[in-house]
2 protein chains.
Amino acid sequence: MRHPFLLKAALLILQSALTRKLSAFVSLVDDDLETLARFHQRRRTFMPGHELVHEGEKRQSAFVLAEGWACSFKILPDGERQIVDFQIPGDFLGLRSILFRTSDHSVQAITRIEASEVLSSDLLNAFADAPRLATAVLWAASRDEAMVVERLCSLGRRSAEERMAHFLLELGARLNILGIGDLTDFACPLTQYHLGDALGLTAVHVNRVLRRLREDNLLTMRNGQVTILDLERLKGLAGFDANYLDQDGPLLR
Amino acid sequence: MRHPFLLKAALLILQSALTRKLSAFVSLVDDDLETLARFHQRRRTFMPGHELVHEGEKRQSAFVLAEGWACSFKILPDGERQIVDFQIPGDFLGLRSILFRTSDHSVQAITRIEASEVLSSDLLNAFADAPRLATAVLWAASRDEAMVVERLCSLGRRSAEERMAHFLLELGARLNILGIGDLTDFACPLTQYHLGDALGLTAVHVNRVLRRLREDNLLTMRNGQVTILDLERLKGLAGFDANYLDQDGPLLR
DNA sequence: CGGCCTCTTGAGACAGTTCAACCTATGTGG
DNA sequence: CCACATAGGTTGAACTGTCTCAAGAGGCCG
């Protein structure tokens, strides 16, 4: 560290969504932050629909999403798509694709996005330099897994309306943590096809479900804006408990 | 290391299923193995049905499964159960419950099991002492996530028969990697209720599905023994591609 | 202006559920 | 050692949530 003051200033400016997210779990010290900042070289812009990570291809990069929305998905042999999750700023894109020889999923930009490429070596070097980062990344991956598990419960045991309610509550909570939008009123660029492919429904049925939720005065979704009208009743319908997002302040000091 | 020879001998004997699994991803050196061996103090036995990890409880331990079968699951507000995955020797039980303040899931023994308790501090110390282990554990967690993702695809986009076929093929592959049973003929202690709760079906429908698969000469499942009669046709039906199990020899040297 | 994407609604079909009954194997207390 | 309870498995009949197919409307962009 030749210029500690300048460096620290630079780090504060660079405070990325990822840094904020990981800091919510472990208290990162300057060395950790410096190491983490290396993840943010190689920043790039991608247009909507661009596929950043390709299922079945080897030796791929991961990315850290800085701006915009993306989704990770698998295509089944019959051409059907299952969306696994949507990513918002601070989320990893294709983390498993640098740990696995061959990527088991694809990632696509939904809006115009900005993302920094992270090479396999970046990650492994970071773990050697800053073991606390390893814990933080494992935590972030576990939080992603917790969301997939919750979605699994939705597809396995919840009705279409419960799924939709649960999904939109989760989305609101995630965006709210980031400081993007409100718990009950947020912008959302997803189409009804996206929702269907994520929730294991057809787009046609998504439309009917949204209509019923609207007619029940529970929520509206129009022109890319979700407005939750009756939060408590919606939570009751969905059986929503934000526990699994594990968001209440740093655990590890 | 006072007695390098004795230590190494001890490590070889201690070669646990976990060690073998992680070694399939990173080449672990003696120091790593020694650190890993600490995960295997506090070995305990649990009877069938015993709940080792409790959803909603704080400050819980994780375990490494050494013998037997377990399952991780969530209970929804209406009392329905969604089984997230089954664990076999070498798998972590409740890893997320030491990373999260509050466990987001429960874990229960299916057969009589042997498992070693792993404290939060064990894991964090191990990461500091042996950064390669951090990578290996992240890989193991990612592999678990890949299985959950694949199950998500099943529940979202596959028919009941395709789900069952896919699930049993995955199980055969996992057991085969461990050297327990054959790809096409293995012991399986799961009831039709377990299968239903894992696959998002009722036990009644599981029964009908198994009958149809049997009548099609694809597989039989009787008295805790699964026998796959026509592997290729079953793989075709399920759209099964073992890629996501990422099993082809050490990646990281 | 025409084409494409997204949303909307209706009618009929079907995969999987629900409820209910019965069967077999295993274990347990009297 | 029988009586009974319990857990797992099997099958039928009726029901229903979601899908499929089909058609049309609105908005945006080249």
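Naming: A, B, ... by sequence-line order, numbering from 1 per chain.
Taking atom CD1 of residue A:I110 and atom C1' of nucleotide C:dC5, one finds them 16 Å apart after rounding to whole Å. Rounded to an integer number of Å, the gap from B:D78 CG to C:dT18 P is 10 Å. Remark: C1' of D:dT18 and CZ of A:R163 are 9 Å apart, rounded to the nearest angstrom. The separation between A:R211 atom CZ and D:dT18 atom C1' is 14 Å, rounded to whole Å. Rounded to an integer number of Å, the gap from NE2 of A:H205 to C1' of C:dC7 is 16 Å. Regarding B:L155, its CG atom lies at a distance of 16 Å from the C1' atom of D:dT18, rounded to whole Å. Atom CE in A:M221 sits roughly 10 Å away from atom P in C:dT8 (whole-Å rounding). The distance from atom NE2 of B:H194 to atom C1' of D:dA7 is 12 Å, rounded to the nearest whole Å.
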List every contact pair, protein side and nucleotides 11-13 of chain C side both N or O, where the distance is under 3.5 Å.
residue : atom : partner : partner atom : Å
C:dA11  : N6   : A:R208  : NH2          : 3.2

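In this structure, B:F240 and B:H166 have perpendicular ring planes: the angle between them is above 60°, well past the 30° mark. Ring geometry, B:F100 versus A:W139: the interplanar angle exceeds 60°, so the pair is classed perpendicular (tilted spans 30 to 60°).
Nearest-nucleotide assignment on DNA chain C puts the 5′-proximal partner with A:N207, out of A:N207 and A:R157.
Of all non-hydrogen atoms in B:A109 and B:T111, the two that sit nearest each other are CB-O, 3.5 Å.
A distance-only check finds a donor-acceptor pair linking the side chain of A:S106 to the backbone of A:E55 [under 3.5 Å]. A donor-acceptor pair under 3.5 Å is absent between the side-chain atoms of A:R158 and the main chain of A:R163, judged by distance alone. Checked by atom type and distance alone, the side chain of A:Q82 pairs as donor or acceptor with a backbone atom of A:D197 at under 3.5 Å.
Relative to the axis of its first five pairs, the axis of the last five pairs of the helix from C:dC1-D:dG30 to C:dG30-D:dC1 sits at 40°, rounded to 10 degrees.
Residue A:R222 places its side chain closer to C:dT8 than to any other of D:dT11, C:dT8, D:dT18. Checked against D:dT18, C:dT6, C:dT8, the side chain of A:A160 finds its nearest nucleotide in D:dT18. For B:L201, whose side chain is taken as the heavy atoms from C-beta onward, the closest listed nucleotide among D:dT18, C:dT17, D:dT11 is C:dT17.
Between A:R157 and A:E162 there is no salt bridge, since no side-chain nitrogen of the basic residue lies less than 4.0 Å from a carboxylate oxygen of the acidic one. For B:E150 and A:K74, the salt-bridge test passes: some basic side-chain N is under 4.0 Å from an acidic carboxylate O. Taking a cutoff of 4.0 Å between a charged side-chain nitrogen and a carboxylate oxygen, B:R174 and B:D91 qualify as a salt bridge.
In terms of phosphate contacts, A:T202 brings a side-chain nitrogen or oxygen within less than 4.0 Å of OP1 or OP2 of D:dC19. In terms of phosphate contacts, A:Q192 brings no side-chain nitrogen or oxygen within less than 4.0 Å of OP1 or OP2 of C:dC5.
A:G200 comes within 4.0 angstrom of the backbone, heavy atoms only, and of no base.
Here B:Q108 contributes atom CD and B:I110 contributes atom CD1; the two are 7.5 Å apart, rounded to the nearest 0.5 Å.
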